[in-house]
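Here is the structure we will look at, set down as structure tokens.
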Amino acid sequence: MGLNVYNTLTRKKEPFHPIEEGKVRMYVCGPTVYNYIHIGNARPAVVFDTVRRYFEYRGYKVNYVSNFTDVDDRLINASKARHQSVPEIAEQFIKAYKEDTGALNVQPATVHPRATETMPEIIAFINKLVESGFAYESNGDVYFRTRKFKEYGKLSHQSIDDLKAGARIQIGEDKEDPLDFALWKAAKPGEIKWNSPWGDGRPGWHIECSAMVEKYLGDTIDIHAGGTDLTFPHHENEIAQSESLHHQTMAHYWLHNGHIQINHEKMSKSIGNVILVHDLIKKFDPQVVRFFILTVQYRHPINFSDALLNDAVQAFGRLKTAHYNLSHRLNESESAANETIVEKYRKPFIEAMNDDFNTANAIAVLFDAARDANIALQNESSTIEELQAYLQVLTELPAVLGLTLADDTDRIVDRDVEALIQNREEARKNRAFDVADAIRDQLKEAGIILEDTPQGVRWKRGNV
RNA sequence: GGCGGCAUAGCCAAGCGGUAAGGCACGGGUCUGCAAAACCCUUAUCCCCGGUUCGAUUCCGGGUGUCGCCUCCA
């Protein structure tokens with residue numbers, strides 16, 4: 001069975017067929033860089049990074065493009081508030097974005113285009129729309145003639161007349177129709193601006209994505225993705241712009257991730273419940289945050305809370321412990337993994353991911369492997385090849401999800417600790433358990449937890 | 001008002017025609033000098049009412065609850 005993906009356009013799961021054999025062209029709408037990213041921004045980054053990793057795992061070459069919106073109203077407002085220029089603010093938060101997503105083990109995109117660096121293409125795009133009658137200039141602004149694009153509403157499955165009720169015209173706008181949207185906005189005095197055939201100004205939000213997709217990926221791409229809220233109007237508008245110009249499908253598959261909620265309600269500034277990644281990863285291991293995000297199918301909403309994250313800490317710890325205990329037992333020994341065992345978990349994992357990237361089920365396979373590994377670990381007759389296979393499974397499969405179970409703590413202990421462990425072993429041999437237990441308590445105070453196993457003492461760092 | 005998602009054990013979450021994966025927590029047990037880690041066992045009238053079917057958590061209709069988009073918010 002091949003890969004099936006849920007397509008917002010058709011509201012169905014469809015078999016995935018790339019335009020070009022063995023290659024995937026995908027575009028993911030990126031952030032507006034006027035602040036640190038919140039966990040809602042992190043979800044698409046993590047989810048679609050996982051999609052990308054899975055494609056690569058299956059042998060595809062992925063051209064992954066994700067933009068930075070580095071000029072818009074919010075950046076201009078931030079610029080005024082902070083008395084910094086728009087480029088300065090953008091630069092600062094692009095850097096922060098890379099740090100935060102990097103911590104979540106999100107790989108950099110193949111290309112991260114910026115709106116301000118795509119200006120010639122954006123202006124040319126608008127120009128062609130004006131020439132073909134799909135757009136018109138009005139007092140220095142340029143608007144898209146929405147009704148002229150007959151398929152408008154096909155992505156969000158809304159009829160144009162239903163949409164009309166919700167459309168509004170802002171003060172100062174001069175549209176022919178309330179549904180029309182801005183491609184270019186005339187600069188107000190003092191605002192950052194670029195020269196264009198319609199006077200100084202800056203691009204509207206939707207046009208940058210159309211221009212970037214065209215520039216970096218072509219007229220038709222495989223996958224276009226983003227948060228569910230982007231379905232309308234952002235993606236609908238992108239389709240209108242690109243397809244009225246190119247006369248061909250903009251993207252074959254439209255993927256949208258569900259939102260993150262706090263206490264079962266929307267995370268928003270007005271409610272004051274926004275959680276920044278920047279802050280969250282001070283409290284929780286970023287890997288756990290990524291793991292937690294992936295425990296839920298990407299299209300469904302996720303509720304966030306410390307209690308839920310703490311459960312995830314426990315769950316993820318179980319996986320890490322299994323990996324660590326395998327490594328400890330295998331120590332330095334180099335041996336081939338038993339392929340039959342590896343396949344036993346690889347197969348259901350792939351099956352899960354093939355079903356619209358069902359990471360929840362994929363993670364369940366990881367837990368099955370961990371349990372079986374623990375059993376094998378207790379069984380004295382287990383062969384090195386078998387144990388090596390479990391280690392392989394618990395390395396290879398998590399990596400597809402962007403997770404690493406390998407122990408990353410500092411394994412170097414100072415000589416005093418080393419000596420204490422030795423002393424305790426001596427004491428235990430002599431059945432001087434009070435002495436041994438005292439040493440164990442002492443080390444526990446110092447954050448080192450000892451575990452006795454048939455293969456000798458094993459230690460790990462831990463709090464309490 | 002238009003469009004859509006969701007409702008499964010104490011909690012989180014898969015499954016989506018043949019009487020329920022996985023995780024966290026709780027309780028009991030095994031192993032251990034004692035622990036730790038681990039393993040085993042235990043825990044579900046799948047929101048309600050109709051319908052289709054030999055059979056429905058799974059499909060259809062209705063209802064209730066809940067979340068969201070229709071405001072350049074991922």
Side-chain angles (χ1 to χ4, degrees), chain A residues 8 11 28-32 37-45 47-48 69 72-74 153 156-159 161-168 170 181-182 185 204-206 225-234 236-237 256-261 264-270 274 291-292 295-297 299-303 305 307-319 321-322 324-325 328 348 352 355 358-368 370-371 373-375 377-379 428 431-434 436-437 440-441 444 449-454 457-460 462:
Chain A
T8 304
R11 287 184 176 164
V28 179
C29 288
T32 299
I37 59 164
H38 55 249
I39 52 176
N41 297 300
R43 169 119 97 148
V47 160
F48 297 118
T69 299
D72 88 325
D73 289 345
R74 284 173 295 169
S156 53
H157 301 90
Q158 299 265 356
S159 80
D161 294 316
D162 290 334
L163 287 167
K164 193 179 173 184
R168 24 192 100 172
Q170 309 235 322
F181 57 90
K185 295 179 169 187
W205 177 37
H206 316 295
T228 184
D229 57 312
L230 296 185
T231 307
F232 188 89
H234 185 56
E236 200 73 72
N237 291 353
H256 293 98
N257 65 273
H259 276 184
I260 280 173
Q261 303 176 342
H264 300 286
E265 61 181 0
K266 183 178 174 169
M267 183 172 69
S268 78
K269 265 194 181 154
S270 52
V274 174
F291 171 81
F292 178 68
T295 54
V296 180
Q297 213 281 340
R299 285 188 282 124
H300 299 169
I302 302 185
N303 195 39
S305 75
L308 259 11
L309 256 322
N310 280 321
D311 286 354
V313 169
Q314 292 302 317
F316 191 63
R318 176 176 163 77
L319 256 18
T321 298
Y324 173 56
N325 292 349
H328 178 264
D355 182 18
N358 194 327
T359 52
N361 279 337
I363 285 171
V365 174
L366 261 33
F367 280 103
D368 287 340
R371 187 194 59 243
N374 287 329
I375 291 170
L377 226 26
Q378 282 180 354
N379 188 346
R428 287 184 69 224
R431 304 193 67 80
F433 295 120
D434 50 340
D437 290 351
R440 185 169 62 193
D441 290 344
K444 193 175 177 185
I449 294 165
L450 298 185
E451 296 173 357
D452 299 322
T453 78
V457 66
R458 173 171 82 196
W459 68 271
K460 62 183 180 186

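The chains referred to below are lettered A, B, ... by the order of the sequence lines, with proteins before strands, and numbering in each begins at 1. For the numbers below, each heavy atom of this structure counts, side chains included, while hydrogens, waters and symmetry mates do not.
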The side chain of [X] is closest to which nucleotide in this list: [options]?
X      : options             : result
A/N361 : B/A14, B/A74, B/A37 : B/A14
A/I375 : B/G2, B/C40, B/C24  : B/C40
A/R74  : B/C73, B/C24, B/C39 : B/C73
A/R371 : B/C24, B/G22, B/C69 : B/G22
A/N358 : B/A74, B/A14, B/C34 : B/A14
A/H259 : B/C34, B/A74, B/C6  : B/A74
A/D229 : B/C34, B/G2, B/A74  : B/A74
A/R318 : B/G23, B/C67, B/A74 : B/G23
A/D311 : B/A37, B/G33, B/C11 : B/C11
A/E451 : B/A35, B/G22, B/A13 : B/A35

Looking across every strand, which nucleic acid part, if any, lies under 4.0 Å from [X] by heavy atom: base, sugar-phosphate, or nothing?
X      : answer
A/R299 : nothing
A/I39  : nothing
A/G227 : sugar-phosphate
A/S268 : nothing
A/I260 : base
A/H300 : sugar-phosphate

When you match A/F232 and A/T295 each to their closest nucleotide on RNA chain B, which lands nearer the 5' end?
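Between the two, 5'-proximity favours A/T295.
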For a quick test of reading the model: is some side-chain N or O of [X] closer than 4.0 Å to OP1 or OP2 of [N]?
X      : N     : answer
A/R458 : B/A36 : no
A/Q378 : B/C31 : no
A/K444 : B/A36 : no
A/N374 : B/C39 : yes

Could you let me know what [N] is paired to, Watson-Crick or G-U wobble, both distances under 3.5 Å, or none if it's on its own?
N     : result
B/C39 : B/G29
B/G68 : B/C3
B/U52 : none
B/U45 : none

Walk me through whether A/R440 and A/D452 qualify under side-chain contact (heavy atoms from CB on, under 4.5 Å).
CA-CA 11 Å; A/R440 185 169 62 193; A/D452 299 322; 4.2 Å; yes
Does the plane of the ring in A/H206 sit parallel, tilted or perpendicular to the ring in A/F181? Use 30° and 60° as the thresholds.
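Judged by the thresholds at 30° and 60°, the geometry between A/H206 and A/F181 is perpendicular.
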Point-to-point distance, once rounded to the nearest 0.5 Å, from NZ of A/K444 to CG of A/D437
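Answer rounded to 0.5 Å: 11.0 Å.
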Return the CG to OG1 distance between A/N374 and A/T321, rounded to the nearest 0.5 Å.
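If I round to the nearest 0.5 Å, the distance is 8.5 Å.
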Please evaluate the base of [N] for a donor-acceptor partner in the side chain of [X] within a cut-off of under 3.5 Å?
X      : N     : answer
A/K266 : B/C73 : yes
A/D452 : B/C34 : yes
A/D437 : B/G33 : yes

Taking the C1' atom of each, how far is B/G61 from B/U19, in whole Å?
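After rounding to an integer number of Å, I get 24 Å for this pair.
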Could you walk me through whether A/D72 and A/W205 pass side-chain contact (heavy atoms from CB on, under 4.5 Å), step by step?
CA-CA 7 Å; A/D72 88 325; A/W205 177 37; 5.9 Å; no
Are side-chain heavy atoms of A/T453 and A/H328 found at a separation under 4.5 Å?
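Counting from C-beta outward, A/T453 and A/H328 do come under 4.5 Å.
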